[in-house]
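Below is one structure, written out as structure tokens, with a few remarks after it.
No hydrogens, no waters, no symmetry mates; every other heavy atom, side chains included, goes into these values. A, B, ... follow the sequence lines: proteins, then strands. Residue 1 opens every chain.
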Number of protein chains: 2
Amino acid sequence: MRETRAPTLDTLLREGGKAAAGSHGVEDLVSVKLWQNPCWLSFRINFLALQFNEPIYRHIEKEHGLARPEFVVLYSLGLSDGLTASAICSSSGFPKNTISRAIQKLVDKNIIRREVDQADLRSFVLYITDEGKRIVDQAMQPMVERENIMVSSLTPAEKLMLSELLAKVVVESSKWPSMTHIEENEE
Amino acid sequence: MRETRAPTLDTLLREGGKAAAGSHGVEDLVSVKLWQNPCWLSFRINFLALQFNEPIYRHIEKEHGLARPEFVVLYSLGLSDGLTASAICSSSGFPKNTISRAIQKLVDKNIIRREVDQADLRSFVLYITDEGKRIVDQAMQPMVERENIMVSSLTPAEKLMLSELLAKVVVESSKWPSMTHIEENEE
DNA sequence: TTTTTTTAGTCCCGTATGGAACTTTGTATT
DNA sequence: AATACAAAGTTCCATACGGGACTAAAAAAA
């Protein structure tokens, strides 16, 4: 009867939502990765990121001829015009050379415009063009739709809760240690 | 006074957690992407995935000489030994040629072992070796630690809630439309 | 049984990617 | 003011990646 003692928090987290889910539908290995995984969070997050990104970026590539880094730049400017390359880098996580190339392509395609920042001659300020706006607007629709589909099984209250919890984690992310030198077990 | 009417659900979702967060710490563009973004979910998810993956995989590469696809294979086998390549593909989202290459490298390094499946001569069953087990065990520690750091600002109840909500979404993912032919606005 | 279609995995190849070095400008230091 | 240091972008280069064609085996259809 030792088996019936209260489960640890770790176990609870790992098996979070298992009871509610039953076992229908989900692929075998997916359910293992869901319920028997010490890294409950990273699997869930990565899996969902992938499920979202893969079809969306494939579609954007087909429809607008933009690769992912290009669209990331465009999307960022769509949310906040007049950005600098490095701002886009740090908010998106792409390395600066990748973003640099993306910017050049977008400039060539007349989707964005680039002006020297008079306050800092090293950097450029980027502006979205009308053509660019047209593209983001159009590309946004499928993205929003897919998001809605993804959370369609949640109640409004649950959606809100999810949004808030994730936001909380994102906000705290600036305080996480940089993990540059993780404890080296072997010297 | 029109502005004071109740916000829509969309607005609530987008601004989920804003009140609680204040504006301290978070980078400018990050907070725009958090609070003024029609795609609240995908940004949060992608951002967190990145914050997790980038340092972890850099570390694994440095410490064990394994690229991301290789580690994905190894990790999968660590959770459930005796898998087939295609199972790993569909649970991880990597294309099969990438996984195939990763498997070959791992076999060469004696980290996994590959046997022909007698029941289906096309496929191979993969097994983790002792060396492989050693590596996963060792690589797991920093992953778990980083996860814990990521959610360290949440209460146990919140962690559990987050785990359950994400799991629920993952479980439903098998039912999402494939999005192969998104509504083509232009012919 | 024969034929057709799907599935598992590999191979080929062009390209996008990201590390590292480099240039230029701005900021700290002395 | 001179010197060192950091930051913004670009360029170079090796390579990992993924699309697509291909082979072989299994399943489905005829």
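When the side-chain nitrogen and oxygen atoms of A/R68 are compared with OP1 and OP2 of D/dC17, none of them lie within a distance under 4.0 Å. Residue B/T84 has a polar side-chain atom (N or O) positioned under 4.0 Å from OP1 or OP2 of C/dG9.
With rounding to whole Å, B/Q118 atom CD is found 15 Å from C/dA8 atom C1'. Atoms CG (A/L50) and P (D/dC17) sit 14 Å apart, rounded to a whole Å. With rounding to whole Å, B/Y57 atom OH is found 17 Å from C/dG18 atom C1'. Regarding B/D117, its CG atom lies at a distance of 12 Å from the C1' atom of D/dA26, rounded to whole Å. B/E61 places its CD atom 15 Å from the C1' atom of C/dA20, with the value rounded to the nearest Å. Distance B/L66 CG to D/dT15 P: 17 Å, rounded to the nearest Å. One can place CZ of A/R58 at 18 Å from P of C/dA16, the figure rounded to the nearest angstrom. Rounded to whole angstrom, the span from the CG atom of B/N53 across to the C1' atom of C/dT17 amounts to 16 Å.
A salt bridge links A/D130 to A/K133: one of the charged nitrogens lies within less than 4.0 Å of a carboxylate oxygen. Taking 4.0 Å as the cut-off between side-chain N and carboxylate O, A/E131 and A/R134 count as a salt-bridged pair. Comment: A/E172 does not engage A/K168 in a salt bridge, judged by the lack of any side-chain N to carboxylate O separation of less than 4.0 angstrom.
Of the possible donor and acceptor atoms, none in the side chain of B/R114 sits under 3.5 Å from a partner among the backbone N and O of B/Q104. The backbone N or O of A/V125 sits nowhere less than 3.5 Å from a side-chain atom of A/T84 that would complete a donor-acceptor pair. Remark: the backbone N or O of A/S163 is paired with a side-chain donor or acceptor of B/R44 at under 3.5 angstrom.
The residue from B/S76, B/S92, B/S80 that alone fulfils the side chain to side chain donor-acceptor pair (under 3.5 Å) condition with A/K33 is B/S76.
Where B/F94 and A/D120 meet DNA chain D, the nucleotide closest to each residue was compared, and A/D120 sits on the side nearer the 5' end. Remark on DNA chain D: of its neighbouring residues A/K62 and A/A87, the 5'-side contact belongs to A/A87, judged by nearest-heavy-atom nucleotide.
Distances were taken from every side-chain heavy atom of A/R122 (C-beta onward) to each of D/dA8, D/dT10, C/dT6; the shortest belongs to D/dA8.
Non-hydrogen atoms lying under 4.0 Å from DNA chain C are contributed by A/N97, A/T98, A/R101, all within residues 96-112 of chain A.
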